[in-house]
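Remember, it's a predicted structure, so these values are computed and weren't measured experimentally.
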Amino acid sequence: MKTTRVPSPRVIRELLGFTATLMDEYWGQMQLDAPTGRVAWMGPVPVPVWLGIGRDFTEHWVHGQQIRAAVGAPGLDDDYYLGTVLRVFIWGLTCHYRSKTGPDIDLVTEFTGEAAGVWTLQRRSESWDLTESRVSAASTLVGLRS
């Protein structure tokens with residue numbers, strides 16, 4: 001069997017379209033809240049299926065942004081793309097802060113702009129929890145324009 005060194009742009013587009021359809025069908029059959037394998041940046045614990053799918057989406061988006069920057073194409077910065085990526089990445093905070101100790105705290109992160117959203121990271125009794133809402137009396141507020 002011979003291999004090709006550089007597939008044409010048309011072949012690449014068709015392969016991406018074909019595999020995207022297969023992945024959509026595969027993911028469409030899954031129970032999104034069921035536990036699955038781990039996501040490296042979320043730590044060693046199992047995560048819900050939707051977060052694993054989100055990880056795949058963020059990897060596709062990050063590499064796509066790099067390619068777009070390299071060829072001078074506009075980025076995918078609207079709420080559908082950037083908003084989804086930020087909503088997935090924000091869940092990594094629980095893993096990042098897992099080893100941090102100290103008093104109870106409420107950390108509110110708010111994105112404004114195209115990809116708006118509000119999350120509260122709460123430390124209570126030696127554990128961290130993230131909710132997609134704002135608590136009324138936050139200890140710390142982080143505001144980012146998306």
Side-chain angles (χ1 to χ4, degrees), residues 1-100 102 105-124 127-136 138-146:
M1 175 192 283
K2 288 190 172 190
T3 61
T4 183
R5 287 191 181 263
V6 181
S8 70
R10 178 180 172 207
V11 169
I12 292 171
R13 283 190 303 271
E14 288 182 10
L15 284 172
L16 286 172
F18 175 72
T19 57
T21 299
L22 292 176
M23 293 307 296
D24 284 347
E25 290 173 7
Y26 173 69
W27 288 331
Q29 299 170 10
M30 301 180 88
Q31 297 277 356
L32 295 179
D33 289 326
T36 187
R38 62 184 206 87
V39 170
W41 47 264
M42 283 297 295
V45 296
V47 298
V49 168
W50 68 263
L51 191 55
I53 293 169
R55 175 206 50 215
D56 292 342
F57 184 88
T58 62
E59 287 183 20
H60 180 83
W61 180 85
V62 166
H63 295 298
Q65 290 292 86
Q66 292 167 337
I67 292 167
R68 288 171 175 282
V71 299
L76 300 174
D77 299 331
D78 62 355
D79 182 53
Y80 178 78
Y81 293 101
L82 180 58
T84 301
V85 167
L86 292 174
R87 287 179 191 98
V88 172
F89 281 159
I90 197 81
W91 290 95
L93 287 176
T94 57
C95 178
H96 175 74
Y97 282 97
R98 185 173 293 136
S99 65
K100 308 297 185 217
I105 188 173
D106 298 321
L107 170 64
V108 174
T109 302
E110 180 175 2
F111 296 113
T112 59
E114 285 284 325
V118 177
W119 293 264
T120 300
L121 181 65
Q122 295 181 306
R123 183 179 187 290
R124 299 286 186 272
S127 68
W128 292 89
D129 186 40
L130 184 71
T131 57
E132 196 165 349
S133 63
R134 175 194 299 268
V135 295
S136 58
S139 311
T140 307
L141 173 64
V142 177
L144 302 166
R145 176 141 176 81
S146 59

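Without hydrogens or angle criteria, Arg123 side chain to Gly102 main chain gives a donor-acceptor distance under 3.5 Å. No side-chain donor-acceptor contact under 3.5 Å links Arg134 to the backbone of Thr109. In this structure, the side chain of Asp78 engages the main chain of Tyr81 through a donor-acceptor pair within 3.5 Å.
For the pair Arg87 and Asp79, the salt-bridge criterion is met [side-chain N within less than 4.0 Å of a carboxylate O].
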| task | Determine, stepwise, if the pair Leu51 / Val88 fulfils side-chain contact (heavy atoms from CB on, under 4.5 Å). | result | CA-CA 7 Å; Leu51 191 55; Val88 172; 3.9 Å; yes
| request: Starting from the C-alpha separation in whole Å, work towards a yes-or-no answer on side-chain contact (heavy atoms from CB on, under 4.5 Å) for Phe89 and Val62. | output: CA-CA 12 Å; Phe89 281 159; Val62 166; 4.3 Å; yes
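The heavy-atom pair separating Thr36 from Pro46 by the smallest distance is O-CB, 3.2 Å. In terms of heavy atoms, Pro48 sits closest to Leu32 at CB-O, 3.7 Å. Across all non-hydrogen atoms, the minimal contact from Leu121 to Tyr97 is CD2-CD1, 3.4 Å.
In this structure, NE2 in His60 is found 10.0 Å from CD in Gln65, a value given to the nearest 0.5 Å. Residue Gln66 holds its CD atom at 9.5 Å from CH2 of Trp61, rounded to the nearest 0.5 Å. Taken to the nearest 0.5 Å, the CZ atom of Arg124 stands 9.5 Å off from the CG atom of Asp129. Between the OG1 atom in Thr94 and the CH2 atom in Trp119 there is a gap of 13.5 Å [rounded to 0.5 Å].
Looking only at side-chain heavy atoms (C-beta outward), Lys100 and Trp128 come within less than 4.5 Å of each other. Residues Val47 and Trp91 form no side-chain contact, since every pair of their non-hydrogen atoms from C-beta on lies 4.5 Å or further apart.
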Determine all donor-acceptor pairs shorter than 3.5 Å in which one atom belongs to a side chain in residues 17-30; sequence neighbours excluded.
from, atom 1, to, atom 2, distance (Å)
Thr19, OG1, Leu15, O, 2.9
Thr19, OG1, Leu16, O, 3.2
Thr21, OG1, Gly17, O, 3.0

